[in-house]
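Right, one structure below, let's go through it.
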Amino acid sequence: MNNMNLSEQEQIRRESLDELRKLGINPYPAAEYKTTAFAQDILDNYTPEKNNFQDVCLAGRIMSRRIMGSASFAELMDSSGRIQIYVRRDDVCPGEDKMMYNTVFKRLLDIGDIIGVKGHVFKTQMGETTVHVEEFTVLSKSVRPLPVVKEKNGILFDAVTDPEMRYRQRYVDLIVNPQIRDVFRKRTQIIQSMRELFNSRGYLEVETPILQPIPGGASARPFITHHNTLDMTLYLRVANELYLKRLIVGGFEGVYEFAKDFRNEGMDRTHNPEFTVMEIYIAFKDYNWMMSFTEEIVKKAALDLHGKTEIEYGDKVINLNPPFKRINMTDAIKENTGTDISGMDEAGLRAVCDKLNVPHTASMGKGKLINELFGSKCEHNYIQPTFIIDYPTETSPLTKMHRSKPGVTERFELMINGKEIANAYSELNDPIDQMERFKDQLSLSEKGDDEAMFIDLDFVRALEYGMPPTSGMGIGIDRLTMLLTNQPSIQDVLLFPQMKPESQKSKVESQKEEYLALGVPEKWVEPLKKLGFTTVAKLKEVEKHTKLHQDLCGYNKKHKLGLQNPSQDDVKAWLNLK
RNA sequence: CGGUUCGUAGCUCAGCUGGUAGAGCACGUGACUCUUAAUCAUGGGGUCGAGGGUUCGAUUCCCUCCGAGCCGACCA
């Protein structure tokens, strides 16, 4: 039986499952279970004086049990929270037959099972609001034991904190660490908050291709895939920017998308290979307007979530109340390093980098060097929200040149807590300039810059028809969520963060008959499997029968199987050794 | 990619200078009709991440690999 692979507790639960069926109880019933209340609603609103909730029906997972003979307390957890239930034998079994209590509730149900209960609410002598159960229904039997977390006075005992378990088995995390559910509710609330604002302005939510023939709109290594029917290479998008701007060309006033983007790059506390960005493009606006709009978006999200703009992140207090500080990149570098780089050429910038111990390579041009200086010396210092304005042209190939300052573009990034949260431009709508910028990117990539952008000729064609002056902005939803929910890692705001696969133990096992065919007595088959010889092929690889013989005898002794040990020659014969 | 810490029962964790493993919760059995980390009694449960090496003997020491966290590098 494959039950040999199951733990004792799993086997017992499977036996309970069979017993339930034998008693005529379907452990996985199909019918809708109509509930009339949620746990939190009862906890919040029950008052003995009102005598309300006297006929309630709720469903949830059994999270703890305290059985005291013919009466029991248990905790039921539904989507809203936990509530205590009180199950008394003579109430759930009013007649002679006490099976539902004695056998089903006490013996066959476990922590983790999902049941429905009907009953009335009361307060115990200890004052705890409790559902006095008159009838219960098995809704789903759990055959795998759940980690048991206990709690007293807000202190958790044996809480599951192992990040591997939490991220790989998020379902378990969500069950036993219910505060984690709040993080994800808040994530959705943030998205809702933004969506409300955009819709109220009449902007259109759209969907654009994830599979793209040209991975445009950002500088990043893409994931590559292949379409069989078209027999062509496709890329998972690194950005959706170029498609959204095509829609502005098409005549929409404003378009936005909550988009999953994919970048085939490193992973750390702030990077996951797939991540969510909200990008919005609005015609006839510029980046100054967009800065104010970004302030409004962030402020609204904070208010919708917390009712205030002052938030705590780690040991920091961050105030998201506008206006945010605005500083251009040159001044930012001066502010943080004391060095004024305005008007410097490439050689001058390299000297500054050397002086400040900022690493640089030969393939870096002016823009990259400035980016590098900012990235390593300035960025992390902007804890309070700050717009960094006017980025070098070289690293902003989709951005309009600054209206008055030469050499820079009308671009800003919003820094909060030393991290980029948003990125926005006055969009480049000059098709001739755009083509030139793409060509510059091409020569950069020929110089060895593997993150230079690809040329998207169709996008240039769209611009040739004419795109209104437009401002666009992207916000990293994951990072914004981290910030607003005070989570230290991007993995904590992604329901299923990317993980390396678990090493699968080989599931292939030889049948008992195959061992018997080798002359192995039936009683020794399971011990052999337990010792790792799960297939006869593995058995045939054994070179020293004496070692196997020792292991088998040792296993017999250790597990007190009481089997008669085989002789060395017997073992030798199984292996077909000479 | 480098440094570092870690992987032991379903869960949380002990385990000394090498002698094949312990606790609490959970689970089984019994007692208990207002408990709440329920309690009391009793019992079972482990290829100590995988593979190799040293050794009479490895959970422990060494090497390789797999997985995770943190720090750094690279990267937006």
Side-chain angles (χ1 to χ4, degrees), chain A residues 6-13 15-16 63-75 82 84-91 101 106-107 110-112 122-128 130 132 142-168 172 176 218-221 238-239 261 263-273 275 277 359 361 371 375-376 379 395 413 419-421 423 450-451 474 476 479 488-489 491 497 499-506 527-534 550-551 554-555 557-559:
Chain A
L6 297 176
S7 71
E8 185 189 36
Q9 292 194 43
E10 287 172 301
Q11 291 184 42
I12 288 166
R13 286 184 178 221
E15 283 160 19
S16 299
M63 295 304 287
S64 71
R65 297 201 301 164
R66 294 179 282 277
I67 294 173
M68 310 161 300
S70 30
S72 302
F73 286 94
E75 275 179 298
R82 289 186 183 203
Q84 182 170 261
I85 63 172
Y86 181 52
V87 183
R88 202 157 62 172
R89 185 188 63 199
D90 297 337
D91 294 325
Y101 182 79
K106 268 172 71 175
R107 209 158 60 73
D110 290 289
I111 288 175
F122 74 110
K123 272 200 198 289
T124 64
Q125 287 173 6
M126 300 302 291
E128 178 157 353
T130 302
H132 190 136
S142 162
V143 295
R144 185 183 284 266
L146 207 55
V148 176
V149 181
K150 299 206 172 188
E151 177 264 326
K152 182 175 189 173
N153 301 330
I155 300 163
L156 291 178
F157 297 84
D158 304 331
V160 175
T161 53
D162 173 28
E164 187 162 2
M165 162 98 106
R166 289 194 45 225
Y167 301 148
R168 272 194 209 288
V172 173
V176 303
S219 316
R221 284 201 297 277
V238 297
D261 288 348
R263 297 188 184 176
N264 203 343
E265 284 165 358
M267 296 165 62
D268 59 31
R269 220 174 49 249
T270 54
H271 295 84
N272 194 67
F275 60 102
V277 175
T361 64
N371 261 9
S376 58
E379 183 170 313
T395 52
E413 290 191 1
K419 296 267 163 27
E420 176 198 337
I421 293 290
N423 181 16
D450 64 354
E451 22 168 83
R479 291 182 185 181
S489 165
Q491 296 175 110
M499 299 285 270
K500 279 202 184 182
E502 293 171 88
S503 56
Q504 296 284 334
K505 288 175 189 165
S506 74
L528 277 171
K529 286 191 174 185
K530 279 289 188 182
L531 286 169
F533 300 100
T534 49
Q550 285 290 320
D551 287 346
Y555 187 86
K557 187 178 174 188
K558 180 180 177 185
H559 294 276

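All figures in this text were calculated on a predicted structure; none of them were measured in a lab. Within every chain, numbering begins at 1; the chains are lettered A, B, ... in the order of the sequence lines, protein sequences first and strands thereafter.
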Under 4.0 angstrom, heavy atoms only, what part of the nucleic acid is [X] near: base, sugar-phosphate, or nothing?
X: A/Arg144; answer: nothing
X: A/Gln491; answer: sugar-phosphate
X: A/Asp90; answer: base
X: A/Arg479; answer: nothing
X: A/Gln84; answer: base
X: A/Arg269; answer: sugar-phosphate
X: A/Glu420; answer: base
X: A/Leu146; answer: nothing

Side chain of [X] (C-beta onward), nearest among [options]:
X: A/Glu128; options: B/rU29, B/rU36, B/rG24; answer: B/rU36
X: A/Asp268; options: B/rC74, B/rG69, B/rU35; answer: B/rC74
X: A/Gln9; options: B/rG28, B/rA68, B/rG10; answer: B/rG10
X: A/Phe73; options: B/rC34, B/rA37, B/rU12; answer: B/rC34
X: A/Met499; options: B/rC34, B/rA68, B/rU35; answer: B/rA68
X: A/Phe122; options: B/rG67, B/rC34, B/rU33; answer: B/rC34
X: A/Asp110; options: B/rA68, B/rU35, B/rG28; answer: B/rG28
X: A/Pro163; options: B/rC34, B/rG24, B/rG69; answer: B/rG69
X: A/Thr124; options: B/rC11, B/rU35, B/rC25; answer: B/rU35

**Prompt:** Is there side-chain contact between A/Arg13 and A/Pro145, with at least one heavy-atom pair below 4.5 Å?
**Reply:**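 In contact.
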
Look at the side-chain N and O atoms of [X] and state whether any lies under 4.0 Å from the OP1 or OP2 oxygen of [N].
X: A/Arg66; N: B/rU35; answer: no
X: A/Lys150; N: B/rA38; answer: yes
X: A/Ser70; N: B/rU33; answer: yes

Roughly, in whole Å, what's the span from [atom1] in [X] to [atom2] in [N]?
X: A/Ile12; N: B/rA9; atom1: CD1; atom2: P; answer: 17 Å
X: A/Met165; N: B/rG49; atom1: CE; atom2: C1'; answer: 15 Å
X: A/Lys106; N: B/rA38; atom1: NZ; atom2: P; answer: 17 Å
X: A/Ile111; N: B/rA38; atom1: CD1; atom2: C1'; answer: 13 Å
X: A/Tyr86; N: B/rC32; atom1: OH; atom2: C1'; answer: 12 Å
X: A/Arg89; N: B/rU33; atom1: CZ; atom2: C1'; answer: 8 Å
X: A/Arg65; N: B/rC25; atom1: CZ; atom2: C1'; answer: 15 Å

**Item:** Smallest separation among heavy atoms of A/Glu420 and A/Glu379, with atom names
**Value:** N-OE2, 4.1 Å

**Asked** About how many Å separate CD of A/Glu75 and CD of A/Glu128, when rounded to the nearest 0.5 Å?
**Response**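 It is 7.0 Å, given to the nearest 0.5 Å.
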
**Request:** Measure the spacing between CD of A/Gln84 and OG1 of A/Thr124 and express it to the nearest 0.5 Å.
**Result:** 6.0 Å

**Message:** Here's a test of your reading of the structure: between A/Phe275 and A/Lys500, which maps to the more 5' nucleotide of RNA chain B?
**Reply:**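 Upstream on the strand: A/Lys500.
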
**Message:** Both A/Ser489 and A/Gln125 contact RNA chain B. Taking the nearest nucleotide for each, which residue is further toward the 5' end?
**Reply:** A/Gln125

**Message:** Does A/Glu75 contact B/rU36 through a side-chain donor or acceptor facing the base, at a distance under 3.5 Å?
**Reply:**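 Counting by modelled atom types and ignoring angles, no donor-acceptor contact under 3.5 Å is found here.
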
**Message:** Is there, by distance only and without an angle test, a donor paired with an acceptor across the side chain of A/Glu164 and the base of B/rG67 below 3.5 Å?
**Reply:**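 Side chain to base: no pair present.
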
**Asked** In whole Å, what separates the C1' atom of B/rC25 from that of B/rU5?
**Response** 26 Å

**Message:** Could you go through A/Gln491 and A/Met267, starting from their C-alpha distance and side-chain angles, then the distance that decides it, and tell me whether this counts as side-chain contact (heavy atoms from CB on, under 4.5 Å)?
**Reply:** CA-CA 10 Å; A/Gln491 296 175 110; A/Met267 296 165 62; 5.8 Å; no

